[in-house]
Engineer: 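This is the structure I have questions about; it appears just below.
By convention in this document, chain letters (A, B, ...) are assigned in the order of the sequence lines, proteins followed by strands, and residues within each chain are numbered from 1.
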Amino acid sequence: MSSRLSLRGFLALSALRTVNSLSRGTGRGSGTVAGGRVGLAIYPKLLNDLSKNRQVILVSGTNGKTTTTALCVAGWGDKVCSNATGANMPAGHVAALSGSSSPHVVLETDEAWLPVALEATNPRVVVLLNLSRDQLDRATEVRSIAERWRSALSKTAHDLVVVANANDPLVVYASESAKNIRWCNIETPWTSDAVSCPKCTQSIVRTSGSWSCVCGFTKPGCVASVSGSEVRIDNETVQTSLSIPGQFNVGNAAMAATALDVLNVDPSKSLTSMKSVTAIAGRFAVRTWQGRKIHMLLAKNPAGFDALLQSLSPGTDDVWIAINARIADGKDPSWLYDVSFEQLRGRKVWCLGERRLDLSTRLDYANVTYEVVNDLNSLPKTSDTTELLANYTAFSDWMQRTTA
Amino acid sequence: MKIALIYPELLGTYGDYGNALALSQRSTRRGIDVDVMNVSITDELPDADLYLLGGGEDGPQRLAADLLKKSSLKQRVANGAHVFAVCAGLQILGTSFCVEGNDAYEGLSLVDVETTRGSVRSVGELLSQVGENKMVGFENHGGVTTLSPGIEPLGTVLHGRGNNGHFDGFVTETIWATYAHGPVLAMNPWLCDEVIAKVTGNNLTPLKTAADQLYAERVTSLSSR
């Protein structure tokens, strides 16, 4: 790896490794975000140097980044360098790259940092999943993210391939400035952030399977598509059998396979390998708590929540929902009114987390049966697996509470 | 009661459907008939007793203002219709507001108030004193709103920024406006009931809902900061 580095880069990397060795709980060879920060402070171009002569895939979007990154890694095969812990800003990228010399790299990238990562890592492929409202109190409104992506992608070279979701008008607007695009026809039920056209603000008209605006902005033709559990890329059709639930994950897998196809990994091979992904940092895992089996589902924003609610198996089962509003969650829980909780009518929801009263108020107005849980010991015992939906820090709390 | 939710595709960024939902639920549970109409940007403004305006980003806010200037809203308010507006909706009702930089954009001039761009964004929980009650909510905007003499603010800010750090929103005989966005009426049951009572002319029977507990918790939490 030293052949990629300048002298300053080498010094920065030495300092980074010292920090890593001082950070407790670090396995051999794995990088840390603290180390990444130190490395970047000494040598701001460290990410550029560490990315040289490697094939890099960047994955960004509001929802599904971590999962799609894991699917790309599994589909690519052995020894792929990735920021598997979800540290998705430059310090996390440096940490991942310094911990592995693999020529194959997949980096989950925070939406706001995508322009920086594009410039620094010179990727071969960038996967753009979707854009929707998320943590509006601390992040920029979603249309300005689309503008920044568009501007950054317009400056990229022809050999960068953008794999982008054609059903999300904001993603299409952001991506179309790139020179080489592979559009994917991925089921995208959340439309509330692109009801008005990102180009001219007139209404976007949706017909079955397509969308367009009077200004001429319209859904582009696709090279990849999903139908049920079937993925078609160019003329090849592959039947998938993923271990993780939800139609949205078939879409994520299709985009991952389309990205890998650019790097000459055959879709039938990559999609088969993706079956090995069972849980990602606890997401989709079944864990144990006080003799109960808990199905851990992470949803951080309205689009993610809606997708998970739709993936719940039909029935009158209990659902546990945990909501916090700490800084990492966004301190404004108003978004609960953008989630169609009405579809939970007929089930019973147990309201958990620090903002359980915001949740119970929302459910009451939705005429959904609920119970506010002030004491966890009052939760019902059941032999069935309980579905737990939680937002970011609430999910972390439940990861700590439960065991594998 | 006929409620028109104005251009939710433009003014619906921050859970703004929550206000329509709370109004309709708190009315129907008391036996008051409610019809909530979603008014899309291609629709003519329908006849309604109460028009709801939500929050939105800069471009959509400008388009909503243009459409409303051409619409019958001003005439309908003059004829006695009510308006409940939050955030960008509040700014649109005034004489001018700022989007995309510091250029002033012409508002509806329904109320003599003016919004300029503040030096920092106002983001966080809002607590204000509205008459005898406290109002809780969340604000996220870049505006500083100045009321002309004679225009009454809706509340006095106890925590947060509102119009200018001192007052929040404004209130007239038929209009309520606040910077607390989205589900402010869901979180403040007394305010929601006040709006229903005023618009329908009914004396409302007391109603217990989950929101009572949430409201009490937020008031206690914010009052102690």
Side-chain angles (χ1 to χ4, degrees), chain A residues 132-133 135-147 191-206 214 302 325 327 330-342 349 351 354-372 374, chain B residues 7-26 28-29 40-43 55-64 66-67 86 100 121 123-125 137-140 180-187 189 192 208-218 221:
Chain A
S132 69
R133 60 189 72 181
Q135 300 185 23
L136 292 168
D137 64 312
R138 71 184 187 114
T140 320
E141 288 170 339
V142 63
R143 279 169 193 250
S144 80
I145 296 268
E147 285 294 348
T191 57
S192 300
D193 290 297
V195 178
S196 82
C197 174
K199 277 199 166 157
C200 74
T201 66
Q202 295 297 310
S203 285
I204 285 187
V205 179
R206 290 170 193 274
V214 286
I327 289 170
K331 296 188 82 165
D332 178 9
S334 298
W335 60 271
L336 290 172
Y337 289 85
D338 293 325
V339 178
S340 57
F341 284 109
E342 282 76 4
V349 178
C351 303
E354 291 156 6
R355 299 306 287 267
R356 54 191 178 275
L357 293 179
D358 294 78
L359 176 64
S360 64
T361 299
R362 171 70 185 94
L363 293 170
D364 176 24
Y365 285 134
N367 291 310
V368 172
T369 308
Y370 68 89
E371 187 155 330
V372 176
N374 294 316
Chain B
Y7 312 144
E9 65 267 56
L10 300 176
L11 303 174
T13 309
Y14 299 101
D16 294 302
Y17 160 70
N19 286 341
L21 178 67
L23 285 162
S24 110
Q25 283 295 316
R26 300 189 72 82
T28 50
R29 289 183 196 186
S40 157
I41 59 176
T42 50
D43 296 341
E57 298 183 52
D58 287 357
Q61 178 181 3
R62 210 177 43 207
L63 177 61
D66 286 345
L67 292 167
V86 303
E100 291 152 0
R121 271 190 90 77
V123 186
E125 286 191 83
F138 204 99
E139 61 182 330
N140 187 349
H181 58 225
V184 61
L185 292 179
M187 291 177 79
C192 190
K208 277 179 77 72
T209 56
D212 302 339
Q213 251 188 305
L214 171 66
Y215 171 70
E217 182 213 54
R218 295 326 297 161
S221 163

Engineer: Should A/R143 and B/D58 count as side-chain neighbours, where that means a heavy-atom distance under 4.5 Å?
Structural biologist: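 Side-chain contact under 4.5 Å: no.
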Engineer: Please state whether the side chain, the backbone, both or neither of B/Q25 comes within less than 4.5 Å of a heavy atom of chain A.
Structural biologist: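 Contact with chain A is through the side chain of B/Q25 alone.
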Engineer: Based on non-hydrogen pairs under 4.5 Å, which of A/V339, A/L357, A/T191, A/I204 is most in contact with chain B?
Structural biologist: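 Looking at each option in turn, the highest pair count goes to A/L357.
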Engineer: Considering all heavy atoms of both residues, which atom of B/A211 and which atom of A/Y365 are nearest to each other, and what is their separation?
Structural biologist: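 Between these two residues, the closest heavy atoms are CB-OH, 3.6 Å.
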Engineer: So which atom in A/Y337 and which in B/G18 form the shortest heavy-atom distance, rounded to 0.1 Å?
Structural biologist: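 That would be CD2-CA, 3.4 Å.
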Engineer: Is it the backbone or the side chain of B/Q213 that comes under 4.5 Å from a heavy atom of chain A, or both, or neither?
Structural biologist: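 Both backbone and side chain of B/Q213 come within 4.5 Å of chain A.
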Engineer: With chain A as the partner, which of B/S40, B/G12, B/G137 has the greatest number of non-hydrogen pairs under 4.5 Å?
Structural biologist: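 It is B/G12.
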Engineer: Look up atom CG in B/L10 and atom OG in A/S196, then write down how far apart they are to the nearest 0.5 Å.
Structural biologist: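 Going from CG on B/L10 over to OG on A/S196, the span is 5.5 Å.
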Engineer: List the atom of B/E217, the atom of A/E354, and the distance in Å for their closest heavy-atom pair.
Structural biologist: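 In terms of heavy atoms, the two residues are closest at OE2-O, 4.3 Å.
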Engineer: Given side chains that start at C-beta, do those of B/Y215 and A/T361 come closer than 4.5 Å, heavy atoms only?
Structural biologist: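 Answer no - side chains too far apart.
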Engineer: A/R356 versus chain B, heavy atoms under 4.5 Å apart: side chain, backbone, both or neither?
Structural biologist: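 Contact with chain B involves no heavy atom of A/R356 at all.
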Engineer: Measure the spacing between CD of B/E9 and OG of A/S203 and express it to the nearest 0.5 Å.
Structural biologist: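 Taking CD in B/E9 and OG in A/S203, the distance rounds to 5.0 Å.
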Engineer: Below 4.5 Å, heavy atoms only, C-beta onward: do A/Q202 and B/L63 meet side chain to side chain?
Structural biologist: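 They are in contact (side-chain heavy atoms under 4.5 Å apart), so the answer is yes.
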Engineer: Please determine, among A/D193, A/L336, A/N367, the option with the most heavy-atom pairs under 4.5 Å with chain B.
Structural biologist: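 The candidate making the most pairs under 4.5 Å is A/N367.
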Engineer: Shorter than 4.5 Å, heavy atoms on both sides: which option in B/A22, B/P60, B/P8 has the most such pairs with chain A?
Structural biologist: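 Among the listed options, the one with the most contacts to chain A is B/A22.
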Engineer: Please examine the side chains of A/T201 and B/R62, heavy atoms only from C-beta on, and report whether any two atoms are closer than 4.5 Å.
Structural biologist: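 Counting from C-beta outward, B/R62 and A/T201 never come under 4.5 Å.
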Engineer: Can a donor-acceptor pair be found, under 3.5 Å and without considering hydrogens, that links the side chain of A/D364 to the backbone of B/A210?
Structural biologist: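 Such a contact is found between A/D364 side chain and B/A210 backbone.
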